[in-house]
A.B. asks: 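Below is a structure I'd like to ask you about.
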Amino acid sequence: MKIKIFIIFLGLWILLPSKLFSESASPLTVEEEIKLLGIFSEPIKYPDGMLKFFGTNCKTFTCRANKATKEMSLTFKRSKVYHQRKPGQQLYALAMFELFYLNQLKLKEKKVKEFIKSWPEKNKNGKEVVSLIKLNKSREKMRKSLGMDLNTGIEEAIERYWIMGDFLQKGEIKKEKISKDMKKREKLISKYKKAVNNFNTALKNKHYEDLYNKIEKK
Amino acid sequence: MIKKFFEINKKLTNFLFYIFLISIFSTFFVKANDDLEKSYKNFVKETNDIRSQLNSLSIDNSSNFVVIDNAIKQMDVVVEFAQQNFRNKNLEITEKTLNFVDKSLVDINNSVPKEFVNDLSVIDMSKLQDKEIEEIFQVSADMKKNKKDKLASLVKDMTDVDKEGLNLFEVSKNINDSGIKTLNIKDIAKAVVDNPSIKSEVIESAEKGISPEELAKQLAEAEKLGIAESTQKVSEAAKASGFTKDIMPSLETMKSDFFDAEAHNTAMQEMAADIEAGGLGEGMGAAEAAATYSESDRDAQKAKSEADCTGNCAGDTESGQ
């Protein structure tokens, strides 16, 4: 009896602080998150500029999605100076991100179906499902920056990103002379902002960590 | 003797079994916390590095530098408060404090003169297609609404942080006083008028940091504005003159000679800055996309982009290549 009490005490001692530390309710259930992923449906129309980017030889959805993914990845890796010089590129990349997501949804469609079938008894393909949910969260965040949400249709979202990209590209880029000391300050403020943002994102994501653990480690 | 041995053995087996169960559960719960702890340690290290680098910058009497340096110093106190709350396991207040730091740093950054400026006033609005114009103004209106929601949420966060011992209204006022345009008394008043449910607690907190008389004056102004905005008559008059409630011009107005394109270009510029400040492209999506992207793809793209780039391409990529 004494041993059992000791073990229960030990268990509480180990679990309670960490449980308190991770206390944050997940806003949505696993089923709701999966519903938000959407269903794959090929876009019917694309902005003219995007069609030009695809070229005449790239007509299938897979080819277009792959080409868009490569370009998007490169754009996201570009420096701040590049984006200041070509302000529309980032928005074009967001349009391409929509295709990247849609392609992921297509590729993992079968696995998601299997997951739904086995859940909550089993967590078949849990990792793939978590990866899609994370991507969808990024998609939501990006859409929100231009006043859209996950209910906005894919064609509409792509068109909006593209039009805004075209608009920003139409401006005239003017170069101003900035002192070295001012540049150093700007760099440090950006670094400061990034450090705050990274930690704040980790805190916010913590709300979802329990959900991801639930799916992956069941 | 043998019976006693079996009894002890049984107890020992039970004990080990429970220990095994506990260790499995504790690993499950502790994993997420380990990641957060790691993020926190990085955050402390990075902010300390940044602070020491900022302190080592040459001090010049130029007013621009003084303004920026003073504003950043205001942030140090707030960041220290956030870290202290994290150490005390108050994650909610840590997050709310960091939301404020994030917004303030965006404003400080916006006050720094930029090397490249996108001048949108050169755009001939009459040459844009109807669909483009509609979309641009829709985005502008949606973003305006987003901004309003974000402001209300931030003001509420500031009130909660004040209850834990740091008055962010005062910090905000100090930043404004130093010459950086950030959340001011007018914004606070607007947020309160839009969200009457937070009014009393915001006033209580805000008055500790800013002049109660000035706040009362701004509240009265914001209330008047709120009433005017919701008045049907005004709305109808605005509609009749080609303007919607949010002072967004209709397509017809924009095509007329009376349309103030310059004012709208300024608004668009503000929007572009907002997009940039939001750090689009950073984050998980980009990282996951990059993971699917092979080295050879990257080399091919780099070669293509270097060929596209006329003149000096240095600084175009993160590596500067």
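Just so we're on the same page: letters track the sequence lines, and every chain starts at 1.
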A.B. asks: With rounding to the nearest 0.5 Å, note down the distance linking CZ in Phe65(B) to CG in Asp181(A).
C.D. replies: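 Here the interatomic distance stands at 4.5 Å.
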
A.B. asks: In terms of heavy-atom pairs under 4.5 Å, which option from Glu135(B), Lys45(B), Gln129(B) contacts chain A the most?
C.D. replies: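 Looking at each of Glu135(B), Lys45(B), Gln129(B) in turn, Glu135(B) comes out on top.
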
A.B. asks: Once you round to the nearest 0.5 Å, how far does CG of Leu120(B) lie from CG of Leu168(A)?
C.D. replies: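 So the CG of Leu120(B) and the CG of Leu168(A) are separated by 6.0 Å.
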
A.B. asks: Quick one: what part of Lys177(A) sits under 4.5 Å from any heavy atom of chain B, side chain, backbone, both or neither?
C.D. replies: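 Neither; nothing under 4.5 Å.
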
A.B. asks: Output the distance between atom NZ (Lys206(A)) and atom OG (Ser39(B)), rounded to the nearest 0.5 Å.
C.D. replies: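 Lys206(A) atom NZ to Ser39(B) atom OG measures 11.0 Å (nearest 0.5 Å).
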
A.B. asks: If you count heavy-atom pairs under 4.5 Å with chain B, which of Lys204(A), Lys174(A), Met148(A) comes out on top?
C.D. replies: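 Highest number of heavy-atom pairs under 4.5 Å: Lys174(A).
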
A.B. asks: If we define contacts as heavy-atom pairs under 4.5 Å, which of Arg160(A), Glu159(A), Glu176(A) has the most with chain B?
C.D. replies: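 Highest number of heavy-atom pairs under 4.5 Å: Arg160(A).
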
A.B. asks: Taking the side chain as C-beta and beyond, is there a heavy-atom pair between Ile173(A) and Val117(B) under 4.5 Å?
C.D. replies: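 In short, these two side chains do not touch, never coming nearer than 4.5 Å.
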
A.B. asks: Are Ile178(A) and Lys114(B) side-chain neighbours, meaning at least one heavy-atom pair lies under 4.5 Å?
C.D. replies: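 SC-SC contact between Ile178(A) and Lys114(B) ruled out.
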
A.B. asks: Under a 3.5 Å threshold, yes or no: a donor from one side chain and an acceptor from the other, between Asn200(A) and Asn99(B)?
C.D. replies: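 Per modelled atom types, Asn200(A) and Asn99(B) side chains form a pair under 3.5 Å.
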
A.B. asks: Step through the shown structure and confirm whether more than 12 heavy atoms of other residues, nucleotides or ligands are within 6.0 Å of NZ on Lys106(A).
C.D. replies: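 Yes, the 6.0 Å shell around NZ holds more than 12 heavy atoms from other groups.
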
A.B. asks: With sequence neighbours left out, what residues match Phe116(B) under ring-ring contact (aromatic ring centres under 6.0 Å, His included)?
C.D. replies: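 Residues passing ring-ring contact (aromatic ring centres under 6.0 Å, His included) with Phe116(B): none at all.
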
A.B. asks: Give, as side chain, backbone, both or neither, the part of Asn146(B) having an atom under 4.5 angstrom from any heavy atom of chain A.
C.D. replies: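 Just the side chain, heavy atoms under 4.5 Å.
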
A.B. asks: Are Tyr192(A) and Asp49(B) linked by a side-chain donor-acceptor pair shorter than 3.5 Å?
C.D. replies: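 Distance-only check fails for Tyr192(A) and Asp49(B).
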
A.B. asks: Taking all non-hydrogen atoms of both residues, which atom of Ile136(B) and which atom of Phe167(A) are closest, and how far apart?
C.D. replies: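 For Ile136(B) and Phe167(A), the tightest heavy-atom pair comes out as CD1-CD1, 3.3 Å.
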
A.B. asks: When you check the gap from the basic side-chain N to the acidic O, do Arg143(A) and Asp142(B) get nearer than 4.0 Å?
C.D. replies: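 Looking at Asp142(B) together with Arg143(A), the answer is no, because their closest N to O distance does not fall below 4.0 Å.
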
A.B. asks: Non-hydrogen atoms of chain A under 4.5 Å away: do they reach the side chain of Leu54(B), the backbone, both or neither?
C.D. replies: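 For Leu54(B), the contact with chain A is made by backbone and side chain together.
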
A.B. asks: Rounded at 0.5 Å granularity, tell me how far OG in Ser140(B) sits from CE in Met164(A).
C.D. replies: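 If I round to the nearest 0.5 Å, the distance is 8.0 Å.
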
A.B. asks: Please report the C-alpha distance between Val112(B) and Arg185(A) in whole Å, then the side-chain angles of each, then the deciding distance to 0.1 Å, and finally whether the side chain to side chain contact (heavy atoms under 4.5 Å, CB included) criterion is met.
C.D. replies: CA-CA 8 Å; Val112(B) 176; Arg185(A) 276 169 176 82; 5.7 Å; no

A.B. asks: If you define the side chain from C-beta out and look only at heavy atoms, does anything of Gln53(B) sit under 4.5 Å from Lys184(A)?
C.D. replies: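 Gln53(B) does not reach Lys184(A) side chain to side chain.
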
A.B. asks: Is the shortest side-chain N to carboxylate O distance from Lys194(A) to Glu46(B) below 4.0 Å?
C.D. replies: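 Looking at Glu46(B) together with Lys194(A), the answer is no, because their closest N to O distance does not fall below 4.0 Å.
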
A.B. asks: Looking at Ile68(B) and Met182(A), what are the two nearest heavy atoms and their distance?
C.D. replies: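 Where Ile68(B) meets Met182(A) most closely, the heavy atoms are CD1-SD, 3.7 Å.
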
A.B. asks: Check Asp124(B) with Lys170(A), please: is the shortest side-chain N to carboxylate O separation under 4.0 Å?
C.D. replies: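 No, this pair does not count.
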
A.B. asks: Which region of Asp149(B), side chain (C-beta onward) or backbone (N, CA, C, O), has a non-hydrogen atom less than 4.5 Å from a non-hydrogen atom of chain A, or is it both or neither?
C.D. replies: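 Neither part.
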
A.B. asks: Using non-hydrogen atoms and a limit below 4.5 Å, what part of residues 149-156 of chain A faces chain B?
C.D. replies: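 Result: none.
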
A.B. asks: Salt-bridge test for Glu115(B) and Lys183(A): reply yes if a basic N is under 4.0 Å from a carboxylate O, no otherwise.
C.D. replies: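 Salt bridge: yes.
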
A.B. asks: First locate atom CG of Leu98(B), then atom CG of Asn198(A), and finally report the distance between them rounded to the nearest 0.5 Å.
C.D. replies: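 Between atom CG of Leu98(B) and atom CG of Asn198(A) there are 11.5 Å.
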
A.B. asks: Can you tell me which portion of Ile163(A) sits under 4.5 Å from chain B's heavy atoms? Options are side chain, backbone, both or neither.
C.D. replies: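 Only the side chain of Ile163(A) comes within 4.5 Å of chain B.
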
A.B. asks: Rounded to the nearest 0.5 Å, how far does CD1 of Ile189(A) lie from CD1 of Ile72(B)?
C.D. replies: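 Between atom CD1 of Ile72(B) and atom CD1 of Ile189(A) there are 4.0 Å.
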
A.B. asks: Please state whether the side chain, the backbone, both or neither of Ala93(A) comes within less than 4.5 Å of a heavy atom of chain B.
C.D. replies: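 For Ala93(A), neither part sits under 4.5 Å from chain B.
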
A.B. asks: Could you look at Ser179(A) and say if it's the side chain, the backbone, both or neither that has a heavy atom under 4.5 Å from chain B?
C.D. replies: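 Interface part for Ser179(A): side chain.
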
A.B. asks: Using every non-hydrogen atom in the two residues, find where Leu188(A) and Ile50(B) come nearest and quote the distance to one decimal.
C.D. replies: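 Closest heavy-atom pair between Leu188(A) and Ile50(B): O-CG2, 3.9 Å.
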
A.B. asks: What class does the angle between the rings of Phe199(A) and Tyr40(B) fall in, given that below 30° is parallel, 30 to 60° is tilted and above 60° is perpendicular?
C.D. replies: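 The arrangement is tilted - the two ring planes meet at 30° to 60°.
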
A.B. asks: Does some side-chain heavy atom of Glu172(A) sit less than 4.5 Å from a side-chain heavy atom of Asn118(B)?
C.D. replies: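 Answer no - side chains too far apart.
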
A.B. asks: Give a yes or no answer on whether the side chain of Asn109(B) reaches the backbone of Ser190(A) with a donor-acceptor pair at less than 3.5 Å.
C.D. replies: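 Pair absent, no side-chain N/O of Asn109(B) close to backbone of Ser190(A).
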
